[in-house]
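Because the structure is a prediction, the values reported are computed rather than measured. Convention: sequence-line order gives letters A, B, ...; per-chain numbering from 1.
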Number of protein chains: 2
Amino acid sequence: MSYVNEMDAPPDNARPDQTIFVVDDDPAVRKSLTRLLRSAGYHTSSFDSAETFLRCWAEHAMPGCVLLDLSMPGLDGLELQQRLNASGLAIPLIFITGHGDIPSTVSAMKAGAVDFLSKPIREEALLGAVNEALERDRRRRRTRAEHKAVDRSYQTLTPREREVLALVVGGLLNKQIAAALGASEKTVKIHRGRVMEKMKARSVPDLVRAAQKLGIGPDTSSEGPAGPSR
Amino acid sequence: MSYVNEMDAPPDNARPDQTIFVVDDDPAVRKSLTRLLRSAGYHTSSFDSAETFLRCWAEHAMPGCVLLDLSMPGLDGLELQQRLNASGLAIPLIFITGHGDIPSTVSAMKAGAVDFLSKPIREEALLGAVNEALERDRRRRRTRAEHKAVDRSYQTLTPREREVLALVVGGLLNKQIAAALGASEKTVKIHRGRVMEKMKARSVPDLVRAAQKLGIGPDTSSEGPAGPSR
DNA sequence: CCGTGCATAAGACCAAGGTCCTATTTCCCA
DNA sequence: TGGGAAATAGGACCTTGGTCTTATGCACGG
């Protein structure tokens with residue numbers, strides 16, 4: 001409670017496998033940002049242009065976040081952001097600018113930037129933004145990994161099994177599923193068993209949650225206002 | 001395809017039950033905004049201060065969105081936003097400013113503002129922002145109504161029924177639930193039946209989705225890496 | 001032409017879910 | 001102190017779910 005870590009606090013933030021990418025055309029700025037971040041315990045990597053960064057980073061999509069100068073010759077900060085968003089790749093961005101304007105700020109924030117800092121930059125504001133950006137990246141990677149795992153399982157399902165999956169998570173009984181698909185209940189049970197196995201679901205609730213990650217909800221066409229029997 | 005509504009396009013946007021609240025201390029600004037919005041078919045209501053707006057609106061939390069001057073005597077735009085966010089009430093905000101700065105912009109956008117427009121205001125930018133704000137409000141109200149309905153049902157559950165609910169959506173069998181609660185399977189079945197009835201769930205998947213809206217997921221403590229039995 | 005994967009399905013069985021009815025105990029409120 | 005909600009539970013009974021085994025038809029690819 002009464003002890004305070006003055007500076008060189010090493011732990012907590014600054015996970016070993018995350019990198020702060022500094023993208024700025026001014027070598028002096030890169031140097032001072034890098035020094036500040038390193039002394040706070042972060043691993044950094046700098047680039048003198050958005051193009052260079054994009055080329056190097058896009059191959060591996062390394063974990064971390066980007067400190068990005070708004071205005072640079074060539075690809076500028078906002079354009080880089082657009083490209084990243086369009087390409088499906090994603091990494092949290094923190095904008096830095098000497099003389100930014102409000103429309104740019106709004107555009108950057110709407111497009112998901114973590115923060116937008118004007119020079120001169122307050123050290124604590126920068127470190128706070130970096131912390132949040134790294135946290136966002138961790139969360140995004142975690143949920144994305146979960147989704148991918150589920151999707152890989154889903155890809156192993158046959159077309160029929162996918163139909164059965166959709167109807168099971170829609171809450172239909174085996175006999176109703178059989179009727180809907182024009183098959184016998186026995187067949188449905190077999191498909192259902194394989195769905196559970198392939199989706200690695202140990203229970204129907206498990207399966208429902210997996211399906212939700214794939215965007216498979218209750219069949220919207222069967223959501224009539226009058227409840228279908230019991 | 002070849003016809004274009006020139007102006008007075010009445011429909012589509014401008015739903016009858018949504019109001020644009022104009023909050024600005026300058027009567028001339030209120031008047032010109034109101035005129036513009038009315039001619040675009042929106043229903044408007046104006047206030048000369050954030051306090052007045054807050055008092056009038058908070059009672060009914062009427063649907064719509066707010067056009068808000070950033071700097072006003074008394075409660076300013078950002079402070080109003082903080083209060084709204086803190087109070088749980090919520091309505092989409094569009095900031096308008098004559099001479100805003102970047103920190104204010106960032107703060108407003110981080111806190112969820114729809115847009116942040118600088119004067120002179122382009123008509124199409126304003127109408128675009130209003131449209132998005134109204135759309136957000138509709139979505140928010142819809143999902144919130146769903147959550148509330150589920151929560152009302154949940155409130156009618158007895159403590160024991162809530163425990164059973166949590167374990168059912170966790171995927172446990174009745175006998176496992178019985179063991180976990182130190183009760184007999186018969187008892188669990190009765191609670192379970194009442195849970196389904198009270199939660200208006202017609203199937204286990206229904207119940208799982210309802211529980212998710214309440215933040216009840218699979219029991220995190222039973223998520224060991226080694227799969228429990230089968 | 002044969003193997004493989006997919007969809008189909010019957011018989012046999014057992015486990016699990018769900019519903020009635022009945023009944024007891026506890027605890028709180030009027 | 002009587003009534004009612006909550007939790008408990010047994011018996012009886014039926015419906016579903018799930019698995020195993022066996023078997024058929026079809027289509028694609030080597």
Side-chain angles (χ1 to χ4, degrees), chain A residues 151-211 214 216 218-219 222 227-230, chain B residues 151-211 214 216 218-219 222 227-230:
Chain A
D151 195 59
R152 261 198 304 277
S153 300
Y154 185 71
Q155 292 307 324
T156 70
L157 297 187
T158 68
R160 203 55 157 175
E161 285 162 359
R162 292 179 193 187
E163 294 182 286
V164 171
L165 166 59
L167 296 173
V168 169
V169 304
L172 300 200
L173 301 179
N174 283 346
K175 67 162 61 169
Q176 297 174 311
I177 297 173
L181 297 182
S184 88
E185 199 181 331
K186 305 283 179 183
T187 309
V188 171
K189 285 186 179 183
I190 292 173
H191 287 315
R192 183 174 181 152
R194 276 204 267 270
V195 167
M196 295 296 286
E197 186 188 353
K198 289 185 179 177
M199 296 298 291
K200 300 178 186 59
R202 293 197 302 265
S203 64
V204 172
D206 267 11
L207 190 68
V208 172
R209 281 183 286 265
L214 299 167
I216 299 173
D219 189 348
S222 70
S229 69
R230 66 155 39 204
Chain B
D151 194 61
R152 261 198 304 278
S153 300
Y154 185 71
Q155 292 308 322
T156 70
L157 297 187
T158 67
R160 203 55 158 172
E161 285 162 359
R162 291 179 193 187
E163 293 182 287
V164 171
L165 166 59
L167 296 173
V168 168
V169 305
L172 299 200
L173 301 179
N174 283 346
K175 67 164 60 171
Q176 297 174 311
I177 297 173
L181 297 182
S184 89
E185 199 180 330
K186 306 282 179 183
T187 309
V188 171
K189 285 185 180 184
I190 291 172
H191 287 315
R192 182 172 180 153
R194 275 205 265 271
V195 167
M196 295 296 284
E197 187 187 355
K198 288 185 179 178
M199 297 298 291
K200 300 178 186 61
R202 293 197 303 267
S203 64
V204 172
D206 267 10
L207 190 68
V208 172
R209 281 182 287 265
L214 299 166
I216 300 173
D219 189 347
S222 70
S229 71
R230 68 149 48 195

Original post:
What are the two closest non-hydrogen atoms of V204(B) and R192(B), and how far apart are they?
Top reply: CG2-NH2, 3.7 Å
Subject >> Residue L173(A), side-chain atoms from C-beta onward, closest of dG17(D), dG18(C), dA9(C) >> reply: dG17(D)
Original post:
Phosphate oxygens OP1/OP2 of dG17(C): is one of them under 4.0 Å from a side-chain N or O of N174(B)?
Top reply: yes
Original post:
Between K186(B) and dG11(D), does any side-chain N or O lie under 4.0 Å from OP1 or OP2?
Top reply: no
Original post:
Among dA9(D), dG18(C), dT16(D), which is the nearest nucleotide to the side chain of R192(B)?
Top reply: dG18(C)
**OP:** Look at all strands and tell whether T187(A) reaches a base, only sugar-phosphate, or nothing, counting heavy atoms closer than 4.0 Å.
**Re:** base
**OP:** Starting at CD of E197(B), measure out to CZ of R202(B) and round the result to the nearest 0.5 Å.
**Re:** 14.0 Å
Subject >> Rounded interatomic separation in angstrom, taking NZ from K198(B) and C1' from dA5(D) >> reply: 10 Å
Subject >> Separation of Q176(A) CD from S203(B) OG (nearest 0.5 Å) >> reply: 9.5 Å
**OP:** To the nearest Å, give me how far apart NZ (K175(B)) and C1' (dA9(D)) are.
**Re:** 17 Å
Subject >> For DNA chain C, the residues among residues 154-162 of chain A that have a non-hydrogen atom under 4.0 Å from it >> reply: T158(A), P159(A), R160(A)
Side-chain atoms of residues 157-170 of chain A: list all donor-acceptor pairs with protein atoms under 3.5 Å, sequence neighbours left out, distances to 0.1 Å.
unit_1	atom_1	unit_2	atom_2	d
T158(A)	OG1	E161(A)	N	3.3
T158(A)	OG1	E161(A)	OE1	3.4
R160(A)	NH1	E163(A)	OE1	2.9
R160(A)	NH2	L181(A)	O	2.9
E161(A)	OE1	T158(A)	N	2.9
E161(A)	OE1	K198(A)	NZ	2.8
E161(A)	OE2	R194(A)	NE	3.4
R162(A)	NE	L157(A)	O	3.3
R162(A)	NH2	Y154(A)	O	3.3
R162(A)	NH2	Q155(A)	O	3.3
R162(A)	NH2	L157(A)	O	3.3

**OP:** Write down the distance between CG (L167(A)) and P (dG17(D)), rounded to a whole number of angstrom.
**Re:** 13 Å
**OP:** Using only side-chain N and O atoms of H191(A), determine if any of them is under 4.0 Å from OP1 or OP2 of dT8(C).
**Re:** yes
**OP:** Determine the minimum heavy-atom distance between G171(A) and P205(B), stating which atoms define it.
**Re:** CA-CG, 3.9 Å
Original post:
Taking CG from L181(B) and C1' from dT8(D), how many angstroms apart are they, rounded to a whole number?
Top reply: 12 Å
Subject >> d(CD1, I190(A); C1', dT21(D)) in whole Å >> reply: 10 Å
**OP:** Please report the closest heavy-atom contact between T187(B) and A183(B), naming both atoms and the distance.
**Re:** CB-CB, 4.4 Å
Original post:
Whole-Å distance between dG17(C) P and K189(B) NZ?
Top reply: 7 Å
Original post:
When rounded to the nearest 0.5 angstrom, what distance separates NE2 in H191(B) from CE in M196(B)?
Top reply: 15.5 Å
Subject >> Spacing of M196(A) atom CE relative to dG17(D) atom P, expressed in whole Å >> reply: 12 Å
Original post:
Can you tell which of dA10(C), dG10(D), dG17(C) lies closest to the side chain of S184(A)?
Top reply: dA10(C)
**OP:** Could you check how far CD of E185(B) sits from P of dT8(D), rounded to whole Å?
**Re:** 14 Å
